[in-house]
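Here is the structure we will look at.
Just so we're clear, the structure is a prediction, and the values are computed from it rather than from any experiment.
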Amino acid sequence: TLFLSNIGGTGTLSLSGTSSYTSSGSGNYTIIGRWGTGILNVSGNATFTSETGNFFVGSANTGSTGIINLSENATLTSTTAIRLGYEGNDAQGTINVAGNATLNAEGGIYIGDYKGGETSTVGTLNVNGGTITTNYITLATGTVSTGTLNFNGGTIEMKHFQKGSGTAAINLNGGTFKSTYDTADFFKGFSSGDISLQAGGVTFDTNGYNVTITQSLNGVGGLTKIGTGTLTFANQIGGNVIIEEGTLVLTASSTFGAS
């Protein structure tokens, strides 16, 4: 079990160089920020591994704030889901990924999670570089949850997104999605207004799979299609479209800015 700031105050764990830390026990917890502020910094070639049954970033009541900073060649691996903003009133959880850092979340990532009877959880995932590998990313699980993904660089390898009943935003500004599964709805549960195609655009690597996007990708940015496999759009693409590899399918209702 690891608690960073269990009750009040600020608790910080910084790993650098070739250092490593493992939080273990299937019935135990890894909590970064509980009734206080918890900060986990992993840099250099350091590694942090969570083998506990629960991994929360910002959990339990007002003032609970959790922050994880991954940079350089650092690696963080969790054998269970990572939940950003969970359980408490105004609990806030943030993960920042930069450089060549790696985040492995085997049980998925929940951005703005929710536990019955609680309110106003907030989760944010900022991806400025590195690689994230996971099955699913779920945003805004409950009606009072807020989840935001700011995708400015790096790569996210995943099956698809899921949206709950709260407020979600996906801001696409320079990263690459790499598919790991066939899916008929990559942004499952999202409306077109939840997704913003910003100046840096987005790259889709279908990686040999067949992927469909049903929402419009509105904004000034463009889209680049790479990898074998097929990417199908059933709606609007705001900016330029570049096909470097594989197949891009536009249905009868599809439009795009330029090619």
Give a yes-or-no answer on whether the side chains of [X] and [Y] include a donor-acceptor pair shorter than 3.5 Å.
X: Thr22; Y: Ser24; value: no
X: Ser145; Y: Thr121; value: yes
X: Thr75; Y: Thr47; value: no

Please check if the side chain of [X] supplies one atom and the backbone of [Y] the other of a donor-acceptor pair under 3.5 Å.
X: Ser50; Y: Thr30; value: no
X: Asn173; Y: Gly200; value: yes
X: Gln215; Y: Ile195; value: no
X: Ser120; Y: Asp90; value: no
X: Thr37; Y: Thr10; value: no

Just so I know, are the side chains of Glu245 and Thr228 near enough to count as touching, which here means a heavy-atom distance under 4.5 Å?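 Yes - at least one pair of side-chain heavy atoms lies under 4.5 Å apart.
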
Distance check, rounded to the nearest 0.5 Å: Asn126 atom CG versus Asn96 atom CG?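 Rounded to the nearest 0.5 Å, the CG-CG separation comes to 5.0 Å.
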
I need the Thr124 OG1 to Leu149 CG distance, nearest 0.5 Å.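 Nearest 0.5 Å value for the OG1-CG distance: 9.5 Å.
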
Please enumerate all residues that pass salt bridge (charged side-chain N to carboxylate O under 4.0 Å, His left out) together with Lys163, with sequence neighbours excluded.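 By the salt bridge (charged side-chain N to carboxylate O under 4.0 Å, His left out) rule, Lys163 matches Asp194.
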
Looking at every heavy atom in both Thr206 and Ser179, which two are closest together, and how far apart are they?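 Smallest heavy-atom distance, with atoms named: O-CB, 3.6 Å.
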
For [X], which residues count as a side chain to side chain donor-acceptor pair (under 3.5 Å) partner, sequence neighbours excluded?
X: Gln162; result: Thr138
X: Ser19; result: none
X: Thr77; result: Asn104
X: Thr133; result: none

Is the Tyr29 to Phe55 ring centre distance short of 6.0 Å?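 Distance test on ring centres: not under 6.0 Å, no.
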
Using the side chain to side chain contact (heavy atoms under 4.5 Å, CB included) criterion, which residues pair with Thr167? Sequence neighbours excluded.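 For Thr167 the side chain to side chain contact (heavy atoms under 4.5 Å, CB included) partners, ignoring immediate neighbours, are Thr146.
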
